[in-house]
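Inspection log for the structure reproduced underneath, given as structure tokens.
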Amino acid sequence: MRIYFCGSIRGGRDDVTLYRRIVQKLQSYGTVLTEHVSSTDLTDRGEDASAAGDKFIHDRDVEWLQQSDVVVAEVTQPSLGVGYELGRVVVMKKKTLCLFRPSSGRTLSAMIRGADNGEQFVVRDYSEDEVENILEEFFSTLKRT
Ligand SMILES: O=c1[nH]c(=O)n([C@H]2C[C@H](O)[C@@H](COP(=O)(O)O)O2)cc1CO
């Protein structure tokens, strides 16, 4: 299974430790195409775009989105890139799980929460300590469908 993980990069790296934990769990279900998003070496400047440029990053990521079987996004830290990716996957009709932590004190964008249709695109509120269980639940329902 090919999994696309979305997490904030230029939007801020506050949650990178949690991204790492999510990606480690996701790797028990398949190949995570965007493992770099969870790298603690990656700062809020993003990948070194000097060689290939932002167009390379964009085009590669859209290609990976197209190739993916499932998309998991941590959406607590607001990120334009993650919002854009989610907009694209809605159109691609990919099975998508968005994870949001209300304990952050933030209110999730209506354009993400409001896109929940209970099937293809699901938004789930959670706390950090339950993340592995939520992913287990999500992937076990996938197997049944
Ligand atoms: O260097 C990058 N590499 C990369 O893969 N992305 C993609 C993956 C992330 O899920 C998302 C993060 O967007 P943003 O940088 O706007 O927070 O965009 C984004 C950047 C920088 O914008």
Side-chain angles (χ1 to χ4, degrees), residues 1-117 119-139 141-142:
M1 183 181 302
R2 281 157 304 185
I3 305 164
Y4 191 105
F5 173 70
C6 312
S8 170
I9 298 179
R10 293 191 184 158
R13 299 292 283 161
D14 298 3
D15 290 339
V16 68
T17 325
L18 182 55
Y19 299 163
R20 182 135 216 92
R21 196 167 149 187
I22 293 171
V23 165
Q24 269 164 3
K25 182 71 181 168
L26 293 177
Q27 284 170 333
S28 68
Y29 299 107
T31 305
V32 179
L33 301 170
T34 52
E35 189 182 6
H36 65 282
V37 174
S38 71
S39 167
T40 45
D41 293 335
L42 188 59
T43 69
D44 64 4
R45 297 178 62 185
E47 291 172 77
D48 185 6
S50 56
D54 284 355
K55 179 161 175 54
F56 170 82
I57 294 172
H58 170 273
D59 293 355
R60 178 204 61 195
D61 285 1
V62 172
E63 180 76 33
W64 277 344
L65 275 175
Q66 262 150 0
Q67 290 169 5
S68 66
D69 301 301
V70 61
V71 177
V72 174
E74 216 297 344
V75 295
T76 309
Q77 172 84 58
S79 152
L80 283 172
V82 173
Y84 173 84
E85 288 165 338
L86 293 172
R88 298 289 302 250
V89 300
V90 166
V91 177
M92 293 177 200
K93 299 194 193 316
K94 300 274 178 190
K95 182 90 181 168
T96 304
L97 174 67
C98 299
L99 298 169
F100 178 76
R101 301 191 320 285
S103 61
S104 62
R106 298 183 195 272
T107 305
L108 181 59
S109 167
M111 298 308 288
I112 302 300
R113 185 157 324 262
D116 188 328
N117 59 18
E119 271 183 49
Q120 246 138 12
F121 192 97
V122 173
V123 177
R124 179 77 199 259
D125 289 332
Y126 78 112
S127 61
E128 203 168 326
D129 54 315
E130 50 183 8
V131 70
E132 281 88 5
N133 288 342
I134 284 169
L135 291 171
E136 263 166 46
E137 205 179 289
F138 176 70
F139 280 90
T141 59
L142 269 190

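Source: prediction; values computed, not measured. Every number for a ligand or one of its atoms is a count from 1 in the order of the listing. One is the number of the first residue; the rest follow in order along the sequence.
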| Which residue holds the protein heavy atom closest to atom 19 (C) of ligand 1, what is that atom called, and what is the gap in Å? | Ile9 CD1, 3.7 Å

| task | Among all protein heavy atoms, pick the one closest to atom 8 (C) of ligand 1 and tell me residue, atom and distance. | result | Glu85 OE2, 3.2 Å

Going by the atom numbers of ligand 1, which of them fall below 4.0 Å from some non-hydrogen atom of [X]?
| X | answer |
| --- | --- |
| Gly7 | 9 (C), 10 (O), 11 (C), 12 (C) |
| Gly46 | 1 (O) |
| Ser79 | 12 (C), 13 (O), 14 (P), 16 (O), 17 (O) |
| His36 | 3 (N), 4 (C), 5 (O) |
| Ser8 | 17 (O) |

| task | Could you pull out, from Arg60, Glu74, Arg10, the option with a heavy atom nearest to atom 21 (C) of ligand 1? | result | Arg10

| task | Measure from atom 3 (N) of ligand 1 to every heavy atom in Arg45, Arg13, Glu47 and give the option owning the shortest one. | result | Glu47

| said: When you measure from the side chain of Lys94 to the backbone of Gln66, do you find a donor-acceptor pair of N or O atoms at a distance under 3.5 Å? | reply: yes

How does [X] reach ligand 1, by side chain, by backbone, by both or by neither, if only non-hydrogen atoms under 4.0 Å count?
| X | result |
| --- | --- |
| Asp61 | side chain |
| Ile57 | side chain |
| His58 | neither |

| task | Apply side chain to side chain contact (heavy atoms under 4.5 Å, CB included) to Phe138 and Val122, showing your working. | result | CA-CA 10 Å; Phe138 176 70; Val122 173; 5.6 Å; no

Is there any N or O on [X] that sits under 3.5 Å from an N or O of ligand 1?
| X | value |
| --- | --- |
| Gly81 | yes |
| Cys6 | no |
| Val37 | no |

For the residue pair [X] and [Y], what are the closest heavy atoms and their distance?
| X | Y | value |
| --- | --- | --- |
| Gly30 | Ile3 | N-CD1, 3.9 Å |
| Lys93 | Gln120 | O-NE2, 3.6 Å |
| Arg13 | Ser39 | NH2-O, 2.9 Å |

| request: Kindly compute the distance separating OG1 (Thr76) from CG (Asp14), expressed to the nearest 0.5 Å. | output: 11.0 Å

| request: Using the salt bridge (Lys or Arg N to Asp or Glu O under 4.0 Å) rule, take Glu137 and Arg124 through it: C-alpha gap first, then chi angles, then the decisive distance, then the call. | output: CA-CA 12 Å; Glu137 205 179 289; Arg124 179 77 199 259; 3.2 Å; yes

| query | Can Tyr126 and Glu74 be counted as having a side-chain donor-acceptor contact under 3.5 angstrom? | reply | yes

| query | With under 30° as parallel and over 60° as perpendicular, where do the rings of Trp64 and Tyr4 fit, or are they tilted in between? | reply | perpendicular

| query | In a check of side chain to side chain donor-acceptor pair (under 3.5 Å) between Arg10 and each of Asp44, Asp54, Thr43, which one passes? | reply | Asp54

